[in-house]
Amino acid sequence: QVQLVESGGGLVQAGGSLRLSCAASGRTFGSYAMGWFRQAPGKEREFVATISWSGYEKYYVDSVKGRFTISRDNAKNTLYLQMNSLKPEDTAVYYCAAGLYGSSSHDYAYWGQGTQVTVSS
């Protein structure tokens with residue numbers, strides 16, 4: 001079992017940057033693919049990015065390609081999402097998840113509680 005805790009969210013102006021972190025408990029972090037999802041008010045949860053257990057494979061939703069970077073440090077049991085050139089439409093609660101490599105929420109068995117990201121125009 002894996003417990004996940006996100007941090008790093010906040011309020012930022014359009015064009016700014018934030019780095020989200022997701023700290024995982026347990027000794028099996030390195031065996032899971034990890035993902036970031038987001039949910040804006042009134043909208044369904046949306047896939048953002050995923051990274052394989054090794055870190056070599058990464059996949060992003062088109063809307064964040066070139067702006068967001070997913071990475072992980074298995075020695076520190078931590079997942080990251082570097083977000084640059086933020087836009088108001090990036091405003092959402094961001095969730096990290098552990099499971100299989102994929103872009104569907106059904107690929108992931110474990111979820112964090114979420115961290116709010118608000119981008120002002």
Side-chain angles (χ1 to χ4, degrees):
Q1 190 140 1
V2 179
Q3 283 80 46
L4 304 171
V5 179
E6 302 95 337
S7 61
L11 174 64
V12 64
Q13 288 188 333
S17 299
L18 282 175
R19 188 175 82 154
L20 305 183
S21 298
C22 173
S25 65
R27 293 176 290 180
T28 59
F29 174 78
S31 64
Y32 291 103
M34 298 295 296
W36 286 101
F37 289 76
R38 65 187 180 186
Q39 188 167 19
K43 295 187 177 182
E44 294 187 352
R45 190 170 296 189
E46 173 191 35
F47 165 77
V48 175
T50 183
I51 186 168
S52 62
W53 67 269
S54 66
Y56 288 122
E57 295 179 87
K58 302 176 184 181
Y59 180 72
Y60 301 88
V61 68
D62 285 346
S63 60
V64 308
K65 284 180 181 177
R67 300 188 299 121
F68 290 12
T69 302
I70 189 171
S71 62
R72 65 190 297 163
D73 185 335
N74 288 346
K76 295 183 178 180
N77 281 9
T78 303
L79 173 74
Y80 303 98
L81 185 68
Q82 178 67 44
M83 305 186 295
N84 298 328
S85 301
L86 282 161
K87 303 176 181 180
E89 51 263 43
D90 295 317
T91 295
V93 177
Y94 283 71
Y95 300 89
C96 67
L100 302 175
Y101 184 75
S103 59
S104 169
S105 60
H106 298 294
D107 293 322
Y108 298 88
Y110 304 104
W111 293 82
Q113 84 291 345
T115 185
Q116 176 71 47
V117 172
T118 303
V119 184
S120 64
S121 57

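Basis for what follows: all heavy atoms, side chains included, without hydrogens, waters or symmetry-related copies. This structure is a prediction, so every number in the text was calculated from the model and none was measured.
- Looking at every heavy atom in both residues, Val117 comes nearest to Leu18 through CG1-CD1, 3.9 Å.
- The two residues Ser31 and Thr28 have their closest heavy-atom pair at OG-O, 2.6 Å.
- Taking OG from Ser105 and CZ from Phe47, the interatomic distance works out to 11.0 Å, rounded to the nearest 0.5 Å.
- Counting only residues at least two apart or in different chains, ring-ring contact (aromatic ring centres under 6.0 Å, His included) contacts with residues 63-93 are absent.
- A donor-acceptor pair under 3.5 Å is formed between the side chain of Thr50 and the backbone N or O of Met34.
- Using a 4.5 Å heavy-atom cutoff, the side chains of Thr91 and Gln116 are in contact.
- Every residue two or more places apart in sequence or in another chain that forms a salt bridge (charged side-chain N to carboxylate O under 4.0 Å, His left out) with Arg67 is listed here: Asp90.
- Residues satisfying the salt bridge (charged side-chain N to carboxylate O under 4.0 Å, His left out) criterion with Lys65, sequence neighbours excluded, are Asp62.
- By the neighbour-count criterion of 12 heavy atoms within 6.0 Å, atom NZ of Lys58 is densely surrounded, having more than that number from other residues, nucleotides or ligands.
- Looking at residues two or more places apart in sequence or on another chain, you find no ring-ring contact (aromatic ring centres under 6.0 Å, His included) involving Tyr101.
- Taking Trp53 as the reference, nothing meets the ring-ring contact (aromatic ring centres under 6.0 Å, His included) condition, with sequence neighbours excluded.
- In this view, Tyr94 satisfies the ring-ring contact (aromatic ring centres under 6.0 Å, His included) rule with no residue, not counting sequence neighbours.
- Taken to the nearest 0.5 Å, the CG atom of Leu81 stands 9.5 Å off from the OG atom of Ser21.
- For the ring-ring contact (aromatic ring centres under 6.0 Å, His included) test, residues two or more places apart in sequence or in another chain that qualify with Tyr108 are Phe37.
- By the side chain to side chain contact (heavy atoms under 4.5 Å, CB included) test, Gln82 pairs with Ser17, Arg19, Thr69, Asn84, sequence neighbours left out.
- For the pair Pro88 and Ala14, the tightest heavy-atom approach, listed with the atom from each and the gap, is CD-CB, 4.1 Å.
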Apply side chain to side chain contact (heavy atoms under 4.5 Å, CB included) to Leu20 and Glu6, showing your working.
-> CA-CA 7 Å; Leu20 305 183; Glu6 302 95 337; over 6 Å; no
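- Between Trp111 and Arg45, the closest side-chain pair of non-hydrogen atoms falls below 4.5 Å.
- What you find for Asn74 and Phe29 is that their closest heavy atoms are OD1-CE2, 3.2 Å.
- Looking at residues two or more places apart in sequence or on another chain, you find a salt bridge (charged side-chain N to carboxylate O under 4.0 Å, His left out) between Glu46 and Arg38.
- The side chain to side chain contact (heavy atoms under 4.5 Å, CB included) search around Gln1 returns Gln3, Tyr110, not counting sequence neighbours.
- Nearest heavy-atom pair across Gly35 and Leu79 is O-CD2, 3.9 Å.
- Hydrophobic clustering, with ILVMFWY side chains joined whenever heavy atoms are under 4.5 angstrom apart, keeps Leu100 apart from Ile70.
- Applying the disulfide bond (SG atoms under 2.5 Å apart) test to residues at least two apart or on different chains, none of the pairs has a partner in residues 30-80.
- Judged as a disulfide bond (SG atoms under 2.5 Å apart), the pairs with a partner in residues 6-113 (not counting sequence neighbours) are, in order, Cys22-Cys96.
- Within the model, atoms NZ of Lys87 and OG of Ser63 stand 8.0 Å from one another, a figure rounded to the nearest 0.5 Å.
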